Amino acid sequence: MNDPLREEQWATWMRAAISGDAGAYRLFLQAVTPHLRAMARRRGTLFGGSASDAEDVVQEVLLAIHLKRGSWDQSRPIGPWISVIVRNKMIDALRRRGRHVDVPIEDVIDTLEADSPPDGLEQRDVERLLSQLKDQQRDIVRSISVEGGSVRETASRLSMTEGAVRVALHRALKALAALYRSEPG
């Protein structure tokens with residue numbers, strides 16, 4: 001926001017809009033939107049955002065300006081007020097996004113290696129170790145660790161609480177580790 005004449009024009013339109021001039025408000029929005037878009041793209045690019053992320057931020061900023069326009073101190077420059085809104089909406093967007101990075105599967109499909117089919121020996125070892133557990137522990141370990149079920153699904157199927165399933169799973173895995181360590185070499 002380095003153009004004082006532009007900012008003064010925006011401030012004039014916003015003052016008129018706050019007083020009820022819909023035409024001035026339309027002019028303000030039309031003039032400020034390209035600038036908001038450029039700011040959002042520039043700041044978004046710094047943090048790995050996409051063009052669609054930037055556009056989402058622009059829409060949020062426009063909505064915030066609309067909802068908060070009465071909070072702008074008309075005796076102060078409008079540029080810093082707008083910049084703070086953009087900054088805050090960008091921070092909100094980045095927080096929602098987290099450290100998540102999207103990589104299309106097509107970009108990495110050739111580098112993914114398929115698991116080799118089990119030779120049966122590993123499965124027999126698993127079954128032998130599981131057979132040494134109590135029935136309920138065996139059901140829980142098989143459901144969650146072998147078949148990939150969730151704690152919630154397992155708890156529901158066994159009529160247990162999720163907490164009880166977690167405790168039983170922890171104890172069963174600890175028992176399996178002890179059994180495995182005690183086996184001859």
Side-chain angles (χ1 to χ4, degrees), residues 36-37 39-71 81-185:
L36 297 175
R37 192 167 283 119
M39 284 177 64
R41 283 184 180 157
R42 186 172 53 251
R43 290 181 182 183
T45 300
L46 289 172
F47 299 103
S50 67
S52 66
D53 292 335
E55 193 57 34
D56 289 346
V57 169
V58 169
Q59 296 304 314
E60 289 181 31
V61 169
L62 289 170
L63 182 60
I65 287 172
H66 178 72
L67 295 173
K68 301 290 185 180
R69 67 183 182 263
S71 70
W81 181 75
I82 292 171
S83 291
V84 167
I85 293 173
V86 172
R87 184 197 64 181
N88 290 343
K89 293 303 177 182
M90 181 61 68
I91 289 169
D92 291 347
L94 291 170
R95 282 185 181 146
R96 279 192 305 273
R97 184 170 168 246
R99 296 193 179 265
H100 178 75
V101 176
D102 290 324
V103 177
I105 190 72
E106 297 80 25
D107 292 352
V108 294
I109 192 74
D110 294 333
T111 62
L112 297 176
E113 184 177 320
D115 293 337
S116 57
D119 62 5
L121 184 60
E122 183 180 283
Q123 186 62 32
R124 282 194 301 264
D125 289 342
V126 168
E127 289 302 325
R128 185 177 44 75
L129 286 171
L130 287 176
S131 70
Q132 297 178 56
L133 294 175
K134 297 175 187 170
D135 289 343
Q136 187 179 50
Q137 287 180 324
R138 183 174 42 251
D139 287 346
I140 291 170
V141 170
R142 185 173 281 124
S143 176
I144 296 171
S145 299
V146 177
E147 297 169 0
S150 72
V151 170
R152 177 174 285 157
E153 292 166 347
T154 304
S156 176
R157 187 174 51 79
L158 297 175
S159 300
M160 297 173 66
T161 67
E162 291 178 34
V165 168
R166 285 188 188 94
V167 168
L169 177 64
H170 174 74
R171 289 178 180 163
L173 293 175
K174 189 174 179 182
L176 283 173
L179 288 168
Y180 184 75
R181 281 192 301 273
S182 69
E183 287 194 343

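Fair warning: this is a prediction, and the values are worked out from it, not measured in the lab.
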Problem - Atom of Ser143, atom of Arg157 and distance for their closest heavy-atom approach - result: CB-NH2, 3.3 Å

Problem - Nearest heavy atoms of Met39 and Ser83, plus distance in Å - result: CE-OG, 3.8 Å

Practice task
Report yes if some heavy atom in the side chain of Arg171 is under 4.5 Å from a heavy atom in the side chain of Val167; otherwise report no.
Solution key: yes

Practice task
Mark yes or no for whether Ser156, through its side chain, and Arg152, through its backbone, hold a donor-acceptor pair below 3.5 Å.
Solution key: no

Handout entry: Donor-acceptor pair, side chain of Arg41 and main chain of Ala54, under 3.5 angstrom
Key = no

Handout entry: Heavy-atom pair with the smallest gap, counting every atom of Gly149 and Glu153
Key = CA-OE1, 3.6 Å

Handout entry: Validation row: Ile65, Leu36 side chains within 4.5 angstrom (heavy atoms)
Key = yes

Handout entry: Heavy-atom pair with the smallest gap, counting every atom of Ala40 and Val58
Key = CB-CG2, 3.9 Å

Exercise for the section: For Ser131 and Arg128, indicate whether the former's side chain and the latter's backbone hold a donor-acceptor pair under 3.5 Å. Expected result: yes

Exercise for the section: Would you indicate whether the side-chain heavy atoms of Val165 and Ile144 approach each other to under 4.5 Å? Expected result: yes

Exercise for the section: Dump the intermediate steps for salt bridge (charged side-chain N to carboxylate O under 4.0 Å, His left out) on Arg166 and Glu162, then the final yes or no. Expected result: CA-CA 6 Å; Arg166 285 188 188 94; Glu162 291 178 34; 3.6 Å; yes

Problem - Full working for side-chain contact (heavy atoms from CB on, under 4.5 Å) between Leu169 and Ser145 - result: CA-CA 9 Å; Leu169 177 64; Ser145 299; 3.9 Å; yes

Problem - Spatial distance of atom CG (Asp56) from atom CE (Met90) [nearest 0.5 Å] - result: 10.0 Å

Handout entry: Arg43 side, atom CZ; Ile91 side, atom CD1 - distance, nearest 0.5 Å
Key = 8.5 Å

Handout entry: Partner of Leu133 under side chain to side chain contact (heavy atoms under 4.5 Å, CB included), chosen from Val141, Ile140, Asp139
Key = Val141

Exercise for the section: For Gln136, enumerate each residue passing the side-chain hydrogen bond (donor to acceptor under 3.5 Å, both in side chains) test, keeping only those at least two apart in sequence or located in another chain. Expected result: none

Exercise for the section: Taking the side chain as every heavy atom from C-beta outward, state whether Leu130 and Leu176 have any atom pair closer than 4.5 Å. Expected result: yes

Handout entry: Worked check of salt bridge (charged side-chain N to carboxylate O under 4.0 Å, His left out) between Arg142 and Glu127
Key = CA-CA 9 Å; Arg142 185 173 281 124; Glu127 289 302 325; 2.6 Å; yes

Handout entry: Full working for side-chain contact (heavy atoms from CB on, under 4.5 Å) between Leu63 and Glu60
Key = CA-CA 5 Å; Leu63 182 60; Glu60 289 181 31; 5.7 Å; no

